[in-house]
Amino acid sequence: MAEQDNRPLAGFIDLHTHTTASDGTATPAEVVETAHGLGLDAIAITDHDCMDGVAEAVQTGLRLGQTVIPGCELAAHTPYGEMHIVGLWAEPGHKTLNNLLKEQQAMRELRFQEILAGLHRVGINLNKDEVAAETGGGNSVGRPHIARALLRKGYAHSVQDAFKRYLVPGKAGYAPRRLLSPDEVLTALKEAGVTTVFAHPMSLPAPEGWVRKEAERLHMLGLLDGIEAYHPEHDKAKVQYVEQLAADLGLLLSGGSDYHGTVKPKIRLGFGEGRLRVPVELLAKMKSYRENIGLPV
Ligand code: AMP
Ligand code: ZN
Ligand code: FE
Ligand code: FE
């Protein structure tokens with residue numbers, strides 16, 4: 001008889017996590033070790049615009065016997081702000097994917113310069129090196145890194161406070177990032193054999209029905225495979241809405257904690273804010289969907 005797994009998250013997965021390769025505070029190895037300790041059946045590493053953490057995560061997974069799905073999270077432009085897309089089974093080094101990530105990172109870098117210039121105008125002299133100290137040399141500079149640098153220099157008393165004072169629209173250190181359309185991002189991902197998921201769709205401040213229409217449009221174009229129902233920003237009603245949407249459109253369901261380590265102290269890997277439980281059955285469905293179209297899992 002197989003030994004029973006008494007770890008708290010045996011039978012569950014987490015398909016949305018961030019590491020120090022982007023704006024998380026735990027290294028890829030640490031995230032995988034934590035997942036293993038909790039008993040998660042699988043995790044995906046989905047750093048913003050970057051897959052530099054994947055090799056370390058996969059290696060750690062092999063050492064521990066922890067399933068790790070290589071992924072990334074990208075943003076696209078909509079009339080209501082950023083649409084986030086989680087890509088699963090992304091192959092690091094794939095040319096189309098590499099080009100997409102490079103382009104996104106270049107646009108991040110441009111925005112980063114604009115943010116520093118904006119802060120400079122209100123007398124805050126933050127330089128690139130001070131922010132680089134927070135990214136650990138990573139290629140995906142994000143506002144959380146800038147927030148941490150501002151905190152370290154005494155311009156804010158918490159990451160949240162730094163955002164509120166400086167880094168949100170209307171404040172001196174805000175600059176928008178140039179983004180591609182969902183169609184452009186998804187086309188590149190599909191070309192690279194990636195399974196595409198509309199991440200935390202209910203966080204978009206879009207009018208009633210827009211998410212459904214957009215998901216349907218992108219799915220009909222063959223660009224969108226799945227949608228994230230289980231996410232800390234989705235309450236019970238939102239989860240149910242997305243579950244129904246997925247059933248109606250024939251989309252895969254996905255979910256994850258959006259773990260970021262200590263920059264989002266309320267979020268725990270696998271548990272989210274406490275109630276999140278993403279069942280492993282969703283992964284089996286994703287895998288057979290991929291196998292049916294001849295993609296590796
Ligand atoms: P970026 O991709 O550089 O625009 O940064 C987005 C990241 O900042 C995401 O991980 C968000 O969760 C985080 N973020 C956005 N707004 C806030 C906020 N008000 N307080 C803390 N973190 C935030
Ligand atoms: Zn993030
Ligand atoms: Fe996101
Ligand atoms: Fe995320």
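Just so you know, ligand 1 is whichever comes first in the structure, and atom 1 is the first atom listed for that ligand.
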Next on the checklist: List ligand 1 atoms under 4.0 Å from His48, heavy atoms only on the residue side.
Outcome noted: 10 (O)
Next on the checklist: Under a 4.0 angstrom heavy-atom cut-off, which atoms of ligand 1 come close to His260?
Outcome noted: 10 (O)
Next on the checklist: If I take every N, O or S atom of His200, is at least one of them less than 2.8 Å from the Fe ion (ligand 4)?
Outcome noted: no
Item to check | His260 and His48 aromatic ring geometry - parallel, tilted or perpendicular at 30°/60° bounds | outcome: tilted
Next on the checklist: Checking one value in my table: which N/O/S atom of His260 lies closest to the Zn ion (ligand 2)?
Outcome noted: NE2
Checklist entry - Ignoring hydrogens and geometry, is there a side-chain-to-backbone donor-acceptor pair from His145 to Ser22 under 3.5 Å? => result yes
Next on the checklist: Using the rule salt bridge (Lys or Arg N to Asp or Glu O under 4.0 Å), only one of Lys190, Arg290, Lys285 pairs with Asp225; which is it?
Outcome noted: Lys190
Next on the checklist: Could you check whether Asp23 pairs with Arg143 (Lys NZ or Arg NE/NH1/NH2 to Asp/Glu carboxylate O, under 4.0 Å)?
Outcome noted: no
Checklist entry - Which protein heavy atom lies closest to atom 15 (C) of ligand 1, and at what distance to 0.1 Å? => result Phe163 CE2, 3.5 Å
Next on the checklist: Under 4.0 Å between a side-chain nitrogen and a carboxylate oxygen: does that hold for Glu33 and Arg63?
Outcome noted: yes
Checklist entry - Quick check: does His18 have an N/O/S atom under 2.8 Å of the Zn ion (ligand 2)? => result no
Checklist entry - Would you say the side-chain atoms of Thr262 pair up with the backbone N or O of Pro265, donor to acceptor, closer than 3.5 Å? => result no
Checklist outcome for this item: Gly142 heavy atoms within 4.0 Å reach ligand 1 at atoms 3 (O)
Checklist outcome for this item: Looking at Asp258, the N/O/S atom that lies nearest to the Fe ion (ligand 4) is called OD1
Next on the checklist: With a cut-off of 2.8 Å, does His18 put an N/O/S atom close enough to the Fe ion (ligand 4)?
Outcome noted: yes
Checklist entry - What about Glu82: any of its N or O atoms under 3.5 Å from an N or O on ligand 1? => result no
Item to check | Candidate pair Glu114 and Arg177, rule salt bridge (Lys or Arg N to Asp or Glu O under 4.0 Å), full reasoning | outcome: CA-CA 10 Å; Glu114 288 169 7; Arg177 179 153 66 105; over 6 Å; no
Next on the checklist: Can a donor-acceptor pair be found, under 3.5 Å and without considering hydrogens, that links the side chain of Ser257 to the backbone of Phe271?
Outcome noted: no
Item to check | Nearest protein heavy atom with distance in Å, relative to atom 2 (O) of ligand 1 | outcome: Arg108 NH2, 3.0 Å
Checklist entry - Under a 4.0 Å N-O cut-off, is there an ion pair linking Lys128 with Glu109? => result yes
Item to check | Atoms in ligand 1 with a heavy atom of Lys264 nearer than 4.0 Å | outcome: 12 (O)
Checklist entry - Which residue supplies the protein heavy atom nearest to atom 6 (C) of ligand 1, what is that atom called, and how far is it? => result Arg143 NH2, 3.9 Å
Checklist outcome for this item: Here the N/O/S atom of Glu73 closest to the Fe ion (ligand 4) would be OE1
Checklist outcome for this item: Rounded to 10°, the OD1/Asp23 to the Zn ion (ligand 2) to NE2/His48 angle comes out at 100°
Item to check | Test item: Arg111 and Ile115 side chains (from C-beta on) under 4.5 Å apart, heavy atoms | outcome: yes
Checklist entry - For atom 7 (C) of ligand 1, which of Ser22, Pro144, Ser140 has the closest heavy atom? => result Pro144
Next on the checklist: Quick test: of every protein heavy atom, which one is nearest to atom 9 (C) of ligand 1, and how far off is it to 0.1 Å?
Outcome noted: Asp23 OD2, 4.0 Å
Next on the checklist: Closer than 4.0 angstrom, basic N to acidic O: yes or no for Glu214 and Arg217?
Outcome noted: yes
Next on the checklist: Between Glu103 and Asn99, do the side chains contain a donor N or O and an acceptor N or O under 3.5 Å apart?
Outcome noted: no
Checklist entry - Just going by heavy-atom distances, which of Gln160, Glu233, His200 is nearest to atom 21 (C) of ligand 1? => result Gln160
Checklist entry - So is Arg111 in contact with ligand 1, going by heavy-atom distances below 4.0 Å? => result yes
